[in-house]
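This report concerns only the one structure given below.
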Protein chains: 2
Amino acid sequence: MKKIEHVGCPFNYALGVFGDKWSLLILRDIVIYGKKTYTEFSDSRECIATNVLADRLAKLEENGLITKMKDPQNRRSYLYQPREKALDLIPVLIEMICWSAKYDEISGVPKEYLRRANEERTGLIKEIRDGFTNVV
Amino acid sequence: MKKIEHVGCPFNYALGVFGDKWSLLILRDIVIYGKKTYTEFSDSRECIATNVLADRLAKLEENGLITKMKDPQNRRSYLYQPREKALDLIPVLIEMICWSAKYDEISGVPKEYLRRANEERTGLIKEIRDGFTNVV
DNA sequence: TTTATAGCTTGTATTATGCAAGTTATGGTG
DNA sequence: CACCATAACTTGCATAATACAAGCTATAAA
């Protein structure tokens, strides 16, 4: 898609940053599933092409959603970590999960998760956030 | 993008239905801006290509998000209306707006809107919903 | 020392998008 | 009534993005 000129509509910015399917799946992997490495993203069931994965990770970093740091445990590996800007997407992700749970029988969202999303939203968001430390 | 096989992750279904930029912009136009006709969608500032617009409207209808009916006032025009399944995306759209408002200075979201989204969520959602009648 | 692995890059075929033009049915104007 | 305009598309083609396969480099493990 041609790059949308930025015209003061909040959706244009959001779509430019995470409106692409693969970007959102990577963010899901990081924020919801706690994945950290290139190989972990690459191994996801959706089978993202490796060139596209590299491209989207670079863009997410460029756009300030994630940081890339060397893994102190393994010098040939990198750790991709969410920044505040990515964690602030948790509410969007939760709402997407709730919507899918309603309209897709096989999405497999646990009822307890839905209950928390509805009745205990803040707590659920905090719990997900608390899974990450030293976030910039 | 290759069609993702449906593997029991809520994101796969959501992304298949509205994970494409143009689909989401059309939904925004319908749900948030109250647009109804092909020409109105076509006239949006993002300049969607007419063949892509036709394709996405057909898919949104196929997936049960919108209905297409003849305009009783004008026989050469059609009205595209949101169904329950589209209105249930309001929370997702609101969260996207809030996120953009935080990270995009020029998104131009009124402060009052943000206040309502945070403090009076249910009322805001209801108000948007109430803009549509006879929804299936 | 050899082999395996992480994290990529490159090349190419396929698919999707963007753009321009054309089509059909209806509506509005003189 | 004749003519032009408009709504809602469809079609054809150039361009861009994606998918797939292979290769590459540095590090780690056997």
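In this text, all values refer to a predicted model and were calculated from it rather than measured experimentally.
Each end of the helix from C/dT1-D/dA30 to C/dG30-D/dC1 gets its own axis from five base pairs, and the two axes differ in direction by 20°, given to 10 degrees.
Rounded to whole angstrom, the span from the CD1 atom of B/I26 across to the C1' atom of D/dC9 amounts to 14 Å. One can place CH2 of B/W22 at 13 Å from C1' of C/dA16, the figure rounded to the nearest angstrom. As a whole-Å value, the separation of B/L53 CG from C/dA20 C1' is 16 Å. Put simply, CD on B/E61 is 14 Å from C1' on D/dC9, counting in whole angstrom units.
The side-chain contact (heavy atoms from CB on, under 4.5 Å) test applied to B/P91 returns A/E95, B/R121, B/I125, not counting sequence neighbours. Applying the ring-ring contact (aromatic ring centres under 6.0 Å, His included) test to A/Y80 and every residue at least two apart in sequence or in another chain returns A/F41. The side-chain contact (heavy atoms from CB on, under 4.5 Å) check on A/P110 picks up A/Y113, with sequence neighbours excluded. For B/F18, the ring-ring contact (aromatic ring centres under 6.0 Å, His included) partners two or more places apart in sequence, or in a different chain, are A/W99.
The main-chain N or O of B/N12 is never found under 3.5 Å from a side-chain atom of A/K21 such that the two would form a donor-acceptor pair. A donor-acceptor distance shorter than 3.5 angstrom exists from the side chain of A/Y38 to the backbone of A/T50, with no hydrogens or angles considered.
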For nucleotides 5-9 of chain C, give me every protein contact, N/O to N/O, under 3.5 Å, one pair per line with atom names.
unit_1, atom_1, unit_2, atom_2, d
C/dT5, O2, A/R76, NH1, 2.4
C/dA6, O3', A/S77, OG, 3.2
C/dG7, OP1, A/S77, OG, 2.6
C/dG7, OP1, A/Y78, N, 3.0
C/dG7, OP1, A/Y78, O, 3.4
C/dG7, OP2, A/Y38, N, 3.3
C/dG7, OP2, A/T39, N, 2.8
C/dG7, OP2, A/T39, OG1, 2.6
C/dC8, OP1, A/K68, NZ, 2.9
C/dC8, OP2, A/Y80, OH, 2.3

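Where A/D20 and A/Q73 meet DNA chain D, the nucleotide closest to each residue was compared, and A/D20 sits on the side nearer the 5' end.
The side-chain contact (heavy atoms from CB on, under 4.5 Å) with B/L79 is formed by just one residue from the set B/K68, B/Q73, B/M69; it is B/M69.
An OP1 or OP2 oxygen of D/dA26 is reached within less than 4.0 angstrom by no side-chain nitrogen or oxygen of A/R75. Distances shorter than 4.0 Å separate none of the side-chain N or O atoms of B/R56 from OP1 or OP2 on C/dA16.
In summary, the side chains of B/S77 and B/N74 do not present any donor paired with an acceptor at a separation below 3.5 Å, with no hydrogens or angles considered.
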